[in-house]
Amino acid sequence: MERAWHRAVASGALPAIPAGTEPPAVEVERPADPAHGDLASNLALRLARPCRRAPLEIAAAIAAELAREIKAARVSEQEPEQDSAQGPEQGPEPGSGPAVNPLAAVEVAPPGFLNLRLADAALEATLERILAEPASWGRVAAAEPRHVNVEFVSANPTGPLHIGNARGAFVGDLLCRVLEAAGHRTTREYYFNDFGAQVRNLGASVLAVRTGAPVPDDGYHGDYVAELAGGLPGDVLEAADAAGDPAWAVGVWASERVRAGIEASLARLGVRFDVWKSEGSLYREGWVEQAVERLAAAGQLYDQDGALWFRSAAFGDDKDRVVRKSNGDFTYFGSDIGYLVEKFSRGFDRLVYIWGADHHGTVARLRNAAEAMGFSKAAVEVLLVAWVRFVREGHEVSMSKRAGEFITLDDLLSEIGADPARWFFGSRGPSSAIDFDIELAKKQSNENPVYYVQYAHARIASILRKAAEADLGPAGRLVGSGLLTGGPEATLARAVVRLPEVVEDAAAAGETQGLTAYATELATTFHAFYRDARVVDPAEPDRSRLRLALVEAARITLANALGLLGISAPASM
RNA sequence: GCGCCCGUAGCUCAGUGGAUAGAGCGUCAGGUUGCGGACCUGAAGGUCGUGGGUUCGAGUCCCGCCGGGCGCGCCA
């Protein structure tokens with residue numbers, strides 16, 4: 001497209017852009033209406049102003065250049081086509097045929113759109129590649145591969161994960177999955193507090209239950225506290241007493257138990273972490289100290305009222321922020337800056353933090369501190385995940401970990417299952433607030449779109465089983481087969497080949513709604529194909545094999561799209 | 001009061017400045033002597049909270065207003 005534009009300028013058909021004006025980006029998109037072709041570009045519309053020409057005129061000039069290219073490519077294709085006609089077995093490797101021009105036709109549409117149609121051979125070559133390398137289908141190479149640290153969940157281990165934590169867990173996991181599919185490396189990280197007052201608080205609560213004393217009002221009251229108390233080994237208790245600070249010692253033991261439970265719950269969701277980072281280690285290893293030194297060296301710290309402050313306001317924050325309190329303890333923010341230094345020391349290109357929207361007030365200080373310490377502010381991104389309002393039978397479910405009033409993640413999974421839960425969160429933008437009615441989710445689980453997509457996959461798997469019984473298998477050679485020359489095949493094939501661009505868009509946006517929407521669309525397209533085209537027909541073995549190849553490509557695409565979402569693709573259901 | 005997020009079909013939500021604003025659920029009316037009916041076809045349903053502005057073009061960008069959520073600690 002860009003080449004054609006430049007050639008049109010070179011040949012004098014179009015005026016050059018006046019010097020000093022920014023040339024418009026060449027945008028090619030997928031039109032909503034199939035009548036507008038497979039691809040469309042608004043280039044001519046964008047050029048109208050700088051060129052001072054009517055959009056239709058510009059579009060016509062570019063279209064003429066594109067048409068010339070298509071014609072030239074068609075001529076050069078003739079020989080290889082004759083070769084393959086002599087013997088299919090000697091054809092080139094699937095998908096690695098001659099570089100065919102992917103375009104078949106170009107049209108100009110008012111007010112100046114350029115509508116392009118893909119060549120059948122290009123589509124068929126793509127289908128061949130899907131069948132030849134199913135595992136890599138949908139994975140794309142990043143123009144600039146990055147190593148991205150994604151920190152998420154990071155709930156303190158003072159109680160089991162509850163459904164309020166669920167969204168962050170899914171959003172972080174999904175982000176990592178799409179980044180990896182788009183050619184980036186990720187490190188999934190869980191950050192937790194292992195030395196603060198809440199650990200002692202938890203220990204005191206467990207101890208109280210164990211000894212039959214009343215749990216302090218500001219202690220933890222959930223059933224899990226009683227379970228911990230019951231499971232507390234005698235030797236730990238004795239050692240705790242001997243150490244002189246039993247609440248602390250029991251707290252350390254209990255919080256590790258809770259942390260391991262959290263890890264197990266997340267594993268049930270299909271969420272795993274590469275690094276479990278404790279806040280205490282940031283102090284023991286001197287990272288907080290290093291961060292303070294860096295800020296001090298940059299002149300961004302000062303003392304006031306006995307506390308140590310960071311000049312966050314100098315970087316655009318509302319006010320300065322305390323790093324170390326007057327009592328000598330570091331604030332949570334103090335830990336954060338140490339963590340920044342520690343993370344950057346591991347060589348990440350990007351640090352993504354996934355936080356609840358209620359933490360938005362702390363975003364500025366974190367990014368400002370990164371800048372003040374000499375790191376790239378742009379490399380530090382905070383993805384704020386909006387609140388989920390959990391509702392049960394019309395009433396909001398309030399949750400308080402200390403009061404022990406919450407629905408655990410494990411409960412949620414038992415009630416509605418991991419696949420529907422993943423679909424629910426994956427199909428919504430992370431920044432939009434959503435209602436989650438648990439009863440409704442249970443009731444509607446049979447109507448959940450995730451089953452619609454899975455059903456399409458299972459149906460194809462069933463077709464393939466049927467085909468095997470009839471000794472029919474997918475054809476291996478599709479280019480030039482005539483598979484797409486008419487009817488429902490072309491529609492399905494065009495839907496199938498879109499996966500990589502959907503993945504690219506999802507990775508660029510860091511969101512997965514496009515992926516669930518695409519999976520639904522592909523399933524719909526397949527179901528329509530199934531209605532219109534009989535796949536397994538022993539009377540037509542050649543056509544059956546071609547359709548089997550197409551349907552198998554669709555199955556792979558559905559499975560990979562679901563896989564990207566962490567959702568299973570069953571062969572029967 | 002200041003800052004951030006949000007407002008799209010009855011409900012739950014999509015919608016990188018582009019062509020007639022979409023999906024699922026719900027509602028209504030239909031469909032299979034064939035590979036899985038957890039399927040398919042069609043219909044009804046919208047002043048995109050509101051008023052201006054920018055643009056060839058605005059649900060999308062800018063400003064004001066209305067409504068809702070969150071934040072504004074030497075808490076975590």
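Letters go in sequence order (proteins before strands), and every chain restarts at 1.
Judged by the 6.0 Å and 45° rule, A:Arg259 forms a cation-pi pair with A:Trp276. Judged by the 6.0 Å distance and 45° axis criteria, A:Arg498 is not positioned over the aromatic ring of A:Tyr518. With A:Tyr191 as the aromatic partner, A:Lys343 does not meet the cation-pi criteria of under 6.0 angstrom to the ring centre and within 45 degrees of the ring axis.
The CH2 atom of A:Trp423 sits 19 Å away from the P atom of B:A38 (whole-angstrom rounding). When the C1' atom of B:G18 is taken as reference, atom CG of A:Leu114 falls 13 Å away, rounded to whole Å. Distance, A:Phe529 CZ to B:C39 P: 19 Å, rounded to whole Å. Put simply, CG on A:Leu383 is 13 Å from P on B:C5, counting in whole angstrom units.
Residue contacts for A:Asn115: at a heavy-atom cut-off of 4.0 Å it reaches a base atom on one of the strands shown. Residue A:Ala571 is in base contact, counting any heavy-atom pair closer than 4.0 Å across all strands shown. Within the nucleic acid shown, A:Ala458 comes within 4.0 Å of at least one base atom, counting heavy atoms only. Counting any heavy atom pair closer than 4.0 Å across all strands shown, A:Ala533 reaches a base atom. Within the 4.0 angstrom heavy-atom criterion, only backbone atoms of the sugar-phosphate kind lie near A:Gly429; the bases stay farther away.
By the 5.5 Å and 30° criteria, A:Phe113 is stacked with the base of B:A19.
Using a 4.0 Å cut-off, some side-chain N or O of A:Arg531 falls inside it from OP1 or OP2 of B:U41. Contact annotation: A:Tyr530 side-chain N/O to B:G37 OP1/OP2 distance is under 4.0 Å. Taking side-chain N and O atoms only, A:Tyr452 has a distance below 4.0 Å to OP1 or OP2 of B:C40.
The gap from the P atom of B:C62 to that of B:A44 amounts to 36 Å, rounded to the nearest Å. Comparing the C1' positions of B:G26 and B:G64 gives an interatomic distance of 38 Å, to the nearest angstrom. Separation of the P atoms belonging to B:G36 and B:C13 is 37 Å when rounded to the nearest angstrom. B:A9 and B:G59 are spaced 15 Å apart, taking the P atom of each and rounding to whole Å. Here the separation of B:U16 from B:C35, taken at their C1' atoms, is 40 Å to the nearest Å. Annotation: B:A19 and B:U60 have their P atoms spaced 13 Å apart (nearest Å). A gap of 33 Å separates the P atoms of B:A58 and B:G69, to the nearest Å. The same atom, C1', is picked in B:G15 and in B:C6; the two are 16 Å apart, to the nearest Å.
Note: A:Phe330 and A:Tyr283 have tilted aromatic rings, judged against thresholds of 30 and 60 degrees for the angle between ring planes.
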Problem - Stepwise ring-ring contact (aromatic ring centres under 6.0 Å, His included) test for A:His457 and A:Phe526 - result: CA-CA 9 Å; A:His457 182 272; A:Phe526 165 73; over 10 Å; no

Handout entry: Candidate pair A:Tyr302 and A:Phe310, rule ring-ring contact (aromatic ring centres under 6.0 Å, His included), full reasoning
Key = CA-CA 7 Å; A:Tyr302 64 91; A:Phe310 164 56; 9.5 Å; no

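Residue A:Trp387 places its CH2 atom among 12 or fewer non-hydrogen atoms of other residues, nucleotides or ligands, all under 6.0 Å distant. Within 6.0 Å of CD in A:Glu501 there are more than 12 heavy atoms belonging to other residues, nucleotides or ligands. The number of heavy-atom neighbours closer than 6.0 Å to CD of A:Glu144, taken from other residues, nucleotides and ligands shown, is 12 or below.
For the residue pair A:Tyr332/A:Thr362, the side-chain donor-acceptor check at 3.5 Å is not satisfied. At a cut-off of 3.5 Å, with distance as the only test, no side-chain donor of A:Asn201 or A:Thr158 sits close to an acceptor on the other residue.
In terms of heavy atoms, A:Ala182 sits closest to A:Ala507 at CB-CB, 3.3 Å. Across every non-hydrogen atom of A:Gly138 and A:Leu499, the tightest pair is CA-CD2, 3.6 Å.
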Problem - Which nucleotides of RNA chain B pair, in dot-bracket form (Watson-Crick or G-U under 3.5 Å, | meaning another strand) - result: (((((((..((((....[...)))).(((((.......))))).....(((((..]....))))))))))))....

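Residues from residues 499-517 of chain A that place a heavy atom under 4.0 Å from any atom of RNA chain B, listed by number: A:Gln513.
Out of B:G37, B:C6, B:C35, the shortest distance to the side chain of A:Ser431 is found at B:C6.
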Exercise for the section: Any chance you could list the contact pattern along nucleotides 71-76 of chain B? Use B for base contacts, S for sugar-phosphate-only contacts and - for none, protein heavy atoms under 4.0 Å, 5' to 3'. Expected result: SSSBSB

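Comparing A:Val536 and A:Ile434, the nucleotide of RNA chain B nearest to each residue sits closer to the 5' end for A:Ile434.
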